[in-house]
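Just so it is clear, the model here is predicted, and its values are computed rather than measured.
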Protein chains: 2
Amino acid sequence: MLNQYAKMLKENQIKVTPQRLEILRYLDGHHTHPTVEDIYTALKTKNPSLSKTTVYNSLEILNKHKLIQTLTISGSESRYDIREDLHHHFLCETCGTIIDIDIACPNIKKIVKGGHQVYEVHGYFRGICKNCITKGRSKSGYQNIA
Amino acid sequence: MLNQYAKMLKENQIKVTPQRLEILRYLDGHHTHPTVEDIYTALKTKNPSLSKTTVYNSLEILNKHKLIQTLTISGSESRYDIREDLHHHFLCETCGTIIDIDIACPNIKKIVKGGHQVYEVHGYFRGICKNCITKGRSKSGYQNIA
DNA sequence: CTGGCTGCAAATCCTTTGCAAAGCC
DNA sequence: GGCTTTGCAAAGGATTTGCAGCCAG
């Protein structure tokens, strides 16, 4: 019997390889929007011969088939997220954490004017997360100077 | 009398320099989501001694003061947008153009659950723009294989 | 004078590419 | 066998850093 990850791959006509399975498993187990480095380092332990190129390749093909989502929210590194159900992202400007936001955006696609065909809607929010508010941390950067 | 760009800078306690003024003026005159390269090349003509470092520095400080918005929508280069009124962005997957989308998102901030404090809402849409639909161009990538 | 700004060059960091070896149908 | 994937090394490209000179207050 196929495990769920192999099934995901087969359904998308992506060849099943141990590396791809491990990456999917990792993303499914770590909803922390990891970077390539995070994934690479973590899986390198189990499989020392793993190459970063393979991580890039795998993420690219998974992304193209929309099994995962690529985030370029903050900083220079891309971050990745398995696509269970579509959701949005909140970046805390204080602690840098990216938090999943579940909001139904009914009919938002129809609201986009101009006759464009919308395939994907991604809401991107910035602010201060609950945790940092509680701890009384303030926002970094220049925003408070004014 | 101060020109509008000098005024914007002063109001944010950013020192007024010719380079910063030119960058603001450029962004205000070119709502095409230019890259650093675009800005640098354009302004280099007028001011041959301009350095790309200065463009980076200026954009960073303008961004921190929220006078401009940094977009990381597509590809590896950042793109920049002056903040007149807040709007959203649509990336055409066929021609790569980034199109401004004006949508009022009433109460969206309140919809974000979990007690986070939301400062910014940025909608990010992907699809095929009207122009490409008309011309019958199709989307690139693997998305159509499945 | 003093601190910040500029601009050149070098360094750094993320990502992509080239290619040979290995694996699978 | 032929085609895809892997993984190493090198290349590429965007951004950052170090630092000397410059400018404004």
Got a list of protein N/O to nucleotides 11-14 of chain C N/O distances below 3.5 Å?
unit_1	atom_1	unit_2	atom_2	d
dC14(C)	OP1	E77(A)	OE2	3.4

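The distance between atom CD of Q13(A) and atom P of dT5(D), rounded to the nearest whole Å, is 13 Å. Per the geometry, CG belonging to L50(A) stands 15 Å off C1' belonging to dA22(C), to the nearest Å. Separating the OH atom of Y40(B) from the P atom of dG13(D) is a distance of 16 Å, rounded to the nearest angstrom. The separation between Q19(A) atom CD and dC8(D) atom P is 11 Å, rounded to whole Å. We find that CG of N57(B) is positioned 10 Å from C1' of dT17(D), with the value rounded to whole Å. The interatomic distance linking L62(A) (CG) with dT5(D) (P) rounds to 12 Å, in whole Å. Note: CD1 (I23(A)) to P (dT5(D)) measures 13 Å, nearest angstrom. Atom CD1 of I39(A) is separated from atom P of dT15(C) by 11 Å (rounded to the nearest Å).
Phosphate proximity of dG7(D) to T54(A): present, with a side-chain N or O under 4.0 Å from OP1 or OP2.
Between H116(A) atom NE2 and I101(B) atom CD1 the span is 5.0 Å, to the nearest 0.5 Å.
Within the 4.5 Å cutoff, the side chain of I23(B) has heavy atoms near those of the L43(B) side chain. Between V16(B) and K10(B), some side-chain heavy-atom pair lies under the 4.5 Å cut-off.
The aromatic rings of H88(B) and F125(B) sit perpendicular to each other, their planes meeting at more than 60°, with 30° as the lower class boundary.
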Yes or no on side-chain hydrogen bond (donor to acceptor under 3.5 Å, both in side chains) for T35(B) and D38(B), after CA distance, side-chain angles and deciding distance?
CA-CA 5 Å; T35(B) 62; D38(B) 295 333; 3.1 Å; yes
Heavy atoms under 4.0 Å is the rule here; annotate nucleotides 18-25 of chain D 5' to 3' with B where the base is hit, S where only the sugar-phosphate is, and - elsewhere.
--------
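Heavy atoms only, all atoms of each residue included: I98(B) and H89(B) are closest at CG2-CD2, 3.8 Å.
Nucleic acid contact for T35(A): none, since no nucleic acid atom lies under 4.0 Å from a heavy atom of the residue.
Judged by closest nucleotide on DNA chain C, R20(B) is the one of K44(B) and R20(B) placed further toward the 5' end.
With dT6(D), dT6(C), dT15(D) as the choices, the nucleotide that has an atom nearest any side-chain atom of K52(B) turns out to be dT15(D). Distances were taken from every side-chain heavy atom of T17(A) (C-beta onward) to each of dG7(C), dT6(D), dT15(D); the shortest belongs to dT6(D).
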